[in-house]
Structures are given as C-alpha cells and as structure tokens.
*Asks:* 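I am attaching a structure below and will ask some questions about it afterwards.
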Amino acid sequence: MRTGLVASLARPGGNITGLSPLSGEYGVKWLELLKEAAPKVHRVAVLWNPDNPTNANQVELVQKAAPALGLELIALPVRPADIESSFAALADPGLDGLIVTDDPSLIPLIPRLIALTAERRLPAIYPFSDSVRRGGLMSYSTNLFKLWQRAAGYVDRILKGARPAELPVEQATDITLNINLKTAKALGLDIPNTLLGRADEVIE
C-alpha cells in the first residue's frame with residue numbers, strides 16, 4: 001500500500017490485485033538474523049535502490065532497529081550510476097556485515113556479491129534462497145515457488161470473470177530461512193543451534 005498501487009489489501013480497486021511477498025515487513029528480520037549468526041558484527045552495509053518504494057521502506061525500518069541491536073547501518077545505493085562506488089565501499093575494513101535487499105536490479109549482481117563477501121570474509125544475508133545454494137551465508141525470504149503457485153489461482157479466477165478490483169491482495173505466509181554451514185565455517189562463524197533449528201534448509 002505504501003507504493004500507492006492499491007487502495008487497500010481487502011479491496012484493491014482499479015485493475016490490480018495479486019500477492020504481496022511482505023518483503024518490506026521483514027527487512028528488520030534480516031538485521032536480527034545477521035546479528036544472531038555473527039554476534040560480533042557492528043557496522044553493517046545495506047545495498048538498496050532509493051527509487052524502489054519497497055526498498056525505501058525496508059531501509060527505514062532497518063535504520064530504526066539498528067541502534068537497539070548495537071549496530072551502525074551504512075546505506076549503499078545500487079542505481080546504475082552508484083553501483084561501482086557502492087561495491088568499492090564494501091572494501092572498507094571497518095565494515096563487518098552486509099544486507100542485500102530484494103530490488104530486482106541486484107539479482108544479476110548476486111554472484112559478484114557472493115565472491116566479494118567470501119574474499120572479504122564478510123557475513124551477509126540475502127533475499128533469495130538460491131543465493132545460499134550458490135555460496136551465500138544465509139537468506140530470509142518469501143517462498144517464491146509457493147507464491148507463484150497461489151498466483152495461478154488468481155489467473156484462473158480472473159479468466160473466469162472475476163474483477164481484479166474485488167479480489168483481495170493476499171500476503172505471503174511461507175517465509176524461509178536458509179543457511180550455508182560451509183560458508184559459515186569459511187567465515188569462522190559458529191552458527192547457534194537455536195538458529196539452525198529454525199532454518200528451513202541447512203547446507204552442510
């Protein structure tokens with residue numbers, strides 16, 4: 001609703017409906033999980049797109065939550081003109097953690113980020129579960145496969161005559177936590193059992 005695309009979740013109005021991944025709501029969770037996995041982190045960078053309203057909401061919430069966790073947050077933009085300078089900033093020796101937001105422009109940069117964080121021994125949390133399977137430390141995100149399955153139901157209802165304006169926007173309920181223990185070991189991290197017990201997938 002912050003983006004102004006719909007009037008309300010229950011009655012979106014206009015010609016738009018669908019499913020919300022709730023990504024704006026779990027930005028703070030990225031910060032909390034990163035701190036839990038790597039308790040020594042203090043200065044954390046967050047890669048975000050200032051032109052994306054969802055990202056703006058995520059960063060606003062994370063900035064408010066950071067002080068209570070004893071963290072300092074460094075916001076690094078990923079607009080085309082800013083990407084290289086933001087990547088260069090990740091080499092700052094005072095930086096010891098990274099949050100990658102779910103702006104689509106970051107998807108093709110994930111392999112580069114995984115390699116950079118490995119080289120810098122930088123704990124990072126990603127918004128896409130496949131990042132963990134490719135060597136990223138951890139991810140926390142909506143289960144997109146299940147979201148797409150539910151989206152098929154909307155397509156069916158609309159094709160049968162339902163008006164999008166009258167179909168409520170459903171919020172995601174399947175959120176997954178993925179952890180790569182190989183990467184944790186390479187970073188010298190001992191992931192708490194309490195965190196591993198909450199993970200949906202642990203790569204060993």
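Small disclaimer: the values here were computed from a predicted structure and weren't measured.
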*Asks:* Output, in order, the C-alpha distance, side-chain angles, deciding distance and verdict of side chain to side chain donor-acceptor pair (under 3.5 Å) for Q58 and N52.
*Replies:* CA-CA 10 Å; Q58 289 169 340; N52 181 332; over 6 Å; no

*Asks:* Apply side-chain contact (heavy atoms from CB on, under 4.5 Å) to L196 and list each qualifying residue two or more places apart in sequence or on a separate chain.
*Replies:* I179, L181, I191, N193, V202

*Asks:* According to salt bridge (Lys or Arg N to Asp or Glu O under 4.0 Å), who are the partners of D130, at least two apart in sequence or on a separate chain?
*Replies:* R134

*Asks:* Among residues at least two apart in sequence or on other chains, which ones pass side chain to side chain donor-acceptor pair (under 3.5 Å) with S139?
*Replies:* none

*Asks:* For residues T101 and N55, is any side-chain donor paired with an opposing acceptor at under 3.5 Å?
*Replies:* yes

*Asks:* Any non-hydrogen side-chain atom of Y140 less than 4.5 Å from a side-chain atom of T176?
*Replies:* no

*Asks:* Listing request: all salt bridge (charged side-chain N to carboxylate O under 4.0 Å, His left out) pairs with a residue in residues 103-121, at least two apart in sequence or in separate chains.
*Replies:* E84-R112

*Asks:* With sequence neighbours left out, what residues match S86 under side-chain contact (heavy atoms from CB on, under 4.5 Å)?
*Replies:* L47, L76, P77, D82

*Asks:* Mind checking whether V132 and I110 sit in one hydrophobic cluster, side chains of I, L, V, M, F, W, Y counted as touching below 4.5 Å?
*Replies:* no

*Asks:* Can you measure from CG (L61) to CH2 (W30) and round to the nearest 0.5 angstrom?
*Replies:* 10.5 Å

*Asks:* Could you tell me which residues satisfy side-chain contact (heavy atoms from CB on, under 4.5 Å) with P39, sequence neighbours excluded, listed by chain and number?
*Replies:* none

*Asks:* With sequence neighbours left out, which residue pairs that include part of residues 181-195 fulfil the salt bridge (charged side-chain N to carboxylate O under 4.0 Å, His left out) condition?
*Replies:* none

*Asks:* Which pairs count as salt bridge (charged side-chain N to carboxylate O under 4.0 Å, His left out) when at least one residue sits in residues 35-48, sequence neighbours excluded?
*Replies:* E36-R198, R43-E72, R43-D92

*Asks:* Compile the donor-acceptor pairs under 3.5 Å between side chains in residues 62-71 and protein atoms, sequence neighbours left out, one pair per line.
*Replies:*
residue	atom	partner	partner atom	Å
K64	NZ	E60	OE2	3.4

*Asks:* Quick one: list whatever passes side-chain contact (heavy atoms from CB on, under 4.5 Å) with T117, sequence neighbours left out.
*Replies:* L98, L122, A124, Y126

*Asks:* Going by the side-chain contact (heavy atoms from CB on, under 4.5 Å) test, name the single residue among I99, V44, L31 that passes it with I125.
*Replies:* I99

